[in-house]
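Residue numbers begin at 1 in each chain, while the letters A, B, ... track the order of the sequences. Note: hydrogens, waters and symmetry copies are ignored here, and every other heavy atom, side chains too, is used.
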There are 2 protein chains.
Amino acid sequence: MKQGAATTENKQARQAKRDPEGVRRDILAVAMEEFSQNGLSGARIDEIAARTRTSKRMIYYYFGDKEGLYQRVLEEAYAKVRDGESELELEGLDPVAALVKLCRYTFDHHRCNPSFIRMVMIENIHHGRHMQLSENIRGLNRLAIEALEAVLKRGQEAGLFREGLDPLELHWQISALSFFNVSNAATFSFLFGDALFTPDGQETLSGHVADMVLRYVRVEHGRPGA
Amino acid sequence: MKQGAATTENKQARQAKRDPEGVRRDILAVAMEEFSQNGLSGARIDEIAARTRTSKRMIYYYFGDKEGLYQRVLEEAYAKVRDGESELELEGLDPVAALVKLCRYTFDHHRCNPSFIRMVMIENIHHGRHMQLSENIRGLNRLAIEALEAVLKRGQEAGLFREGLDPLELHWQISALSFFNVSNAATFSFLFGDALFTPDGQETLSGHVADMVLRYVRVEHGRPGA
DNA sequence: GGCGTTATGTACGATTCAGTTAATAATGTG
DNA sequence: CACATTATTAACTGAATCGTACATAACGCC
């Protein structure tokens, strides 16, 4: 009764009798939910274990300890972001269109990935300690700056954009507006109402973020007549 | 030996033998440090107690439980912000100067109050749950919007600012840039270097935030000749 | 100067929770 | 098919930590 029936049943229950990689990803996905929702100290290993199709022991088997799991979740969150980012193909567009596209993409991306945003918030609460222990995260991010730099340069050469702009700073500005929109939605909408957070409000904001950035980089004399 | 000497000694040790209000404020101050540093679940009541000049019992005596203390700390954080905010006196300035002053004030204020920023971050992680339970917080914040609205109106009447601007949205933008600067300093500077976070970098950013907002609200035709 | 109320300290209980132990099943390999 | 390696479970442990019970001191009031 203990094994005889159980083994054959289990073989059917766990569809692919053994699936280490699947188990790993299952744990990671559930852990991302739990950590992004409750933070590092708020997250419960037992809760994660309960929501996986595997057991708590497996978490320790694959990830060592709670912080190890958290760190992998954080890496995973950043990894997912990088993927989409290089697909923008701004080179084909004129500078203004490229900048608008970049702004709207960033805004929408953040908006559609609250778990990522929350992980970054949490990591900032921890002063970026765990991120610093990770090799994988630092890599690809500078590409975003370089892409922006290229767009700026083209805009400047075309006489559309001002000189003396710092692509890093511009990235900071776009990130700030896009990030805050998600990170502070709870407190902001409580204090000031949720007008900005309705679908319409968000669409307006998205456009105005791009507009704001554009007005910031454009040359001053906007041809009043034209 | 138990009382005789102890009472007189204690009278000197605790300078004002009994000081309920002082004890309360002491607890609140220490708790603010602990909560803003470690979050709600990360904070340790015993740690707070240890750093107060009173005992753990007092925390429960005055604040009920951990969440009660957290909520009071949150209220306290918001209360401190309100104080300085109404002292700006933007009415005396011309619209452009007023807007610049407001931007720089917000940026600098956030920059100089990381504990407040961290409390807001933490509260957002908790979806603003505790804030919603508090009566005191919601009050004064709409004044900030009204002040901005007045500045915008004056600017529009003077023909300096565009029509159709939303003061709430503008407040959102100024907040976003100022907030993100503090909230995401750890991850951003790790990923992209700390050039923007040196004293010089911050001074530049502060100016450019104001500049960005100004360019956003100004009328298009910037009189190329003048 | 007794006495009720407010304020404070000490020590302990109870629980939650990260991490482990020990046993066992599946899998592949010579 | 023996056997080493990998994968997995259920039950347990010990520490951390929130909260409380109990004792008691100071203060205000009559």
Specify the separation, in whole Å, of atom [atom1] of [X] and atom [atom2] of [N].
X       : N      : atom1 : atom2 : result
B:Ile59 : C:dG9  : CD1   : P     : 11 Å
A:Arg24 : D:dA7  : CZ    : P     : 10 Å
B:Phe63 : D:dC18 : CZ    : P     : 16 Å
B:Asp46 : D:dT20 : CG    : P     : 14 Å
B:Leu69 : D:dC18 : CG    : P     : 11 Å
B:Arg44 : C:dA18 : CZ    : P     : 11 Å
B:Ile45 : D:dT20 : CD1   : P     : 11 Å
A:Met58 : C:dT24 : CE    : P     : 16 Å

Taking atom types as modelled and ignoring hydrogens, do the side chains of [X] and [Y] form a donor-acceptor contact shorter than 3.5 angstrom?
X        : Y        : result
A:Gln202 : A:Asp108 : no
B:Tyr70  : B:Glu34  : no
A:Glu123 : B:Thr187 : no
A:Glu67  : A:Gln71  : no

**Request:** Identify whether the distance between the nearest side-chain nitrogen and carboxylate oxygen of B:Glu47 and B:Arg51 falls below 4.0 Å.
**Result:** yes
**Request:** Considering just the side-chain nitrogens and oxygens of A:Thr54, establish if one lies under 4.0 Å of OP1 or OP2 belonging to D:dT9.
**Result:**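 For D:dT9, OP1 or OP2 has a side-chain N or O of A:Thr54 closer than 4.0 Å.
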**Asked** Using a cut-off of less than 4.0 Å, is there contact between a side-chain N or O of A:Tyr62 and OP1 or OP2 of D:dT8?
**Response** yes
**Request:** Answer with base, sugar-phosphate or nothing: what part of the nucleic acid does A:Arg57 contact at a heavy-atom distance below 4.0 Å?
**Result:** base
**Message:** Students often get this wrong, so: under 4.0 angstrom with heavy atoms, is B:Ala43 touching a base, only sugar-phosphate, or nothing?
**Reply:**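 Sugar-phosphate, backbone atoms only, no base.
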**Message:** By nearest atom, which of the nucleotides D:dT9, C:dA7, D:dT20 is closest to the B:Tyr61 side chain?
**Reply:** C:dA7
**Minimum-distance nucleotide (side-chain atoms of B:Lys66 versus C:dG19, D:dC18, C:dC17)** = D:dC18
**Message:** Looking at A:Lys56 and C:dG19, is any side-chain donor or acceptor paired with a base atom of the opposite kind under 3.5 Å?
**Reply:**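 Answer is yes: a donor-acceptor pair is held.
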**Asked** Is a donor-acceptor contact shorter than 3.5 angstrom present between the side chain of A:Arg53 and the base of D:dT8?
**Response**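 Such a pair does not exist between side chain and base.
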